[in-house]
S.K.: 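To start, I am sharing the structure in question, which I have written as structure tokens.
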Amino acid sequence: MNIRYFAWVRERVGIEEETIELPGTVKTVSDLIAHLKSLDEYHASAFEEEDAIRVALDQVHVETDAEIGDAREAAFFPPMTGG
Amino acid sequence: MNIRYFAWVRERVGIEEETIELPGTVKTVSDLIAHLKSLDEYHASAFEEEDAIRVALDQVHVETDAEIGDAREAAFFPPMTGG
Amino acid sequence: MPVAPRISVQTQDFNAQAEADLLTNGRKDVGALVSFTGLCRDEAGTLTALELEHYPGMAEAELTRIAEEAIGRWPLTGLTVIHRFGKIPPGDNIVLVVAASSHRRAAFEAADFLMDYLKTRAPFWKKEHLVSGGASSWVEARAVDDEDAARWT
Amino acid sequence: MPVAPRISVQTQDFNAQAEADLLTNGRKDVGALVSFTGLCRDEAGTLTALELEHYPGMAEAELTRIAEEAIGRWPLTGLTVIHRFGKIPPGDNIVLVVAASSHRRAAFEAADFLMDYLKTRAPFWKKEHLVSGGASSWVEARAVDDEDAARWT
């Protein structure tokens with residue numbers, strides 16, 4: 001699965017984008033976050049304040065209890081500050 | 001006193017502007033309207049639907065119970081439709 | 001010090017961009033600019049023009065009073081109101097309001113308020129001139145405009 | 001048929017007048033045009049620029065979704081949303097929304113709604129670059145923006 005990071009989430013993870021094999025146990029966005037946190041200290045640091053992170057699956061906003069299903073891209077970022 | 005008319009009030013009276021000597025009995029805008037109605041049939045027709053007419057004294061909106069006081073100009077017109 | 005509004009009652013057309021630029025150029029304190037343009041509409045294709053009559057002197061004075069009321073209610077960095085008079089063909093501009101502020105909500109509300117008050121208080125009257133050549137008639141005031149204005153009291 | 005919104009996410013500046021003209025030229029059914037411009041603000045004089053990061057693809061898609069929501073709610077004759085990204089110095093434009101309608105209330109409300117939703121849903125993030133050369137920092141989301149957006153639900 002393609003994973004993208006933006007703003008300070010990107011800076012903490014240290015990369016913009018990565019491709020990850022999902023373990024079969026990862027069903028929801030929450031599962032995915034738990035898996036990413038387990039990868040290394042950078043991911044762990046990025047997701048430390050989990051409540052402050054927003055998620056999109058295939059470029060559509062979702063909540064963390066959303067099923068990943070057939071989504072090909074997940075993105076993690078802070079609350080938006082455009083406009 | 002200088003009297004001005006606008007829009008269909010002007011068309012009914014038949015003039016844009018006139019100068020009128022006010023009888024001493026004319027104290028309020030209502031009194032002035034009653035006086036104007038008495039002048040001729042054109043004025044009477046213009047003020048027929050009295051509720052539909054708005055008034056300004058010296059270029060400031062007033063209600064018909066307003067005292068004329070030292071005002072030098074009264075204007076009569078329909079509800080505004082600008083914008 | 002409160003800003004001084006720019007008010008103009010004129011026959012010629014206006015340029016909304018030029019008016020906006022006057023409120024923003026060389027400044028760093030304007031975060032939001034809301035511009036309202038009112039145009040002569042004619043969906044039915046029955047009009048040759050709207051003729052705007054106004055009360056010279058009072059039109060400027062009343063627009064200034066409404067603008068100053070807006071400046072008193074919202075923290076604006078600038079406010080411009082331009083109202084045309086004379087014959088205006090369909091598709092052409094009639095009125096422009098530009099409100100500038102540090103904050104978007106103030107700019108939106110001030111422009112919205114200004115149009116509501118302008119509609120019911122500024123001494124302008126519209127007459128419709130018809131393609132058919134039939135008798136031209138005065139546009140009637142709409143109750144909904146009074147209701148819109150009452151939102152701010 | 002509902003109108004198709006014009007959406008653009010771009011580095012270059014926009015021209016609000018040219019965008020407004022696209023929605024009104026040659027038409028007689030537009031009675032009201034509301035334009036919102038958001039600018040880079042720096043009252044304290046501490047910024048060299050705001051840097052706007054965005055999520056390419058999703059930014060356009062989300063702005064389109066918000067615009068279509070507005071078109072579903074109000075009878076609009078046209079709707080344009082332009083959001084810039086990259087480094088934007090104080091005083092420069094960031095975002096433009098232009099809503100056109102036969103009626104003024106629809107144009108005002110659609111533009112107001114669009115900015116509220118854009119602020120909380122469109123994937124853009126602002127980073128402040130400082131004159132002092134100190135560490136640049138991400139702008140934090142404000143609770144008031146969520147409250148503004150909640151007005152429309």
Side-chain angles (χ1 to χ4, degrees), chain C residues 14-21 23-47 50 77 89-105 107-116 118-119 142 144-145 147-148 151, chain D residues 14-21 23-47 50 77 89-105 107-116 118-119 142 144-145 147-148 151:
Chain C
F14 48 77
N15 181 312
Q17 184 69 52
E19 296 301 330
D21 289 347
L23 299 187
T24 57
N25 280 354
R27 303 184 69 139
K28 297 178 172 182
D29 59 340
V30 181
L33 191 123
V34 171
S35 169
F36 175 89
T37 306
L39 301 98
C40 177
R41 188 161 59 91
D42 176 33
E43 276 143 312
T46 55
L47 292 186
L50 281 179
T77 58
D92 277 24
N93 294 323
I94 297 175
V95 61
L96 176 72
V97 170
V98 189
S101 175
S102 301
H103 301 289
R104 111 177 159 279
R105 189 117 306 287
F108 264 119
E109 291 184 358
D112 195 5
F113 164 89
L114 216 128
M115 279 308 303
D116 282 349
L118 182 155
K119 282 255 173 194
R142 302 177 316 148
V144 68
D145 288 330
E147 290 158 23
D148 283 346
R151 296 184 304 148
Chain D
F14 48 77
N15 181 312
Q17 184 68 52
E19 296 300 330
D21 289 347
L23 299 187
T24 56
N25 280 354
R27 303 184 68 140
K28 296 178 174 182
D29 59 341
V30 181
L33 190 124
V34 171
S35 169
F36 175 88
T37 306
L39 301 98
C40 177
R41 188 161 58 92
D42 177 34
E43 276 144 313
T46 56
L47 292 186
L50 281 179
T77 57
D92 277 24
N93 295 324
I94 296 174
V95 62
L96 175 73
V97 170
V98 190
S101 175
S102 300
H103 301 289
R104 113 177 157 278
R105 190 117 304 288
F108 264 118
E109 291 183 359
D112 196 3
F113 165 88
L114 217 129
M115 280 308 303
D116 282 350
L118 182 155
K119 282 256 173 194
R142 301 177 317 149
V144 68
D145 288 329
E147 289 159 23
D148 283 345
R151 296 184 304 148

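Proteins get letters first, then strands, A, B, ... in listed order; numbering begins at 1 in each.
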S.K.: Do R104(C) and D148(D) touch side chain to side chain, with heavy atoms closer than 4.5 Å?
M.R.: yes
S.K.: Using the salt bridge (Lys or Arg N to Asp or Glu O under 4.0 Å) criterion, which residues pair with R27(C)? Sequence neighbours excluded.
M.R.: D29(C)
S.K.: State, with a plain yes or no, whether a side-chain heavy atom of R105(C) is found less than 4.5 Å away from one of D112(D).
M.R.: yes
S.K.: Could you report the tightest heavy-atom contact between R41(C) and V30(D), atom names first, then the distance?
M.R.: CD-C, 4.1 Å
S.K.: Side chain, backbone, both or neither: which part of A111(D) has a non-hydrogen atom closer than 4.5 Å to chain C?
M.R.: both
S.K.: Test of understanding: with salt bridge (Lys or Arg N to Asp or Glu O under 4.0 Å), list the residues that count as partners of R142(C), not counting sequence neighbours.
M.R.: D145(C)
S.K.: Pick from N15(C), D116(C), T24(C): which one has the most heavy-atom pairs with chain D under 4.5 Å?
M.R.: D116(C)
S.K.: Go through P90(C), A18(C), A32(C) and name the one with the most non-hydrogen pairs under 4.5 angstrom from chain D.
M.R.: A32(C)
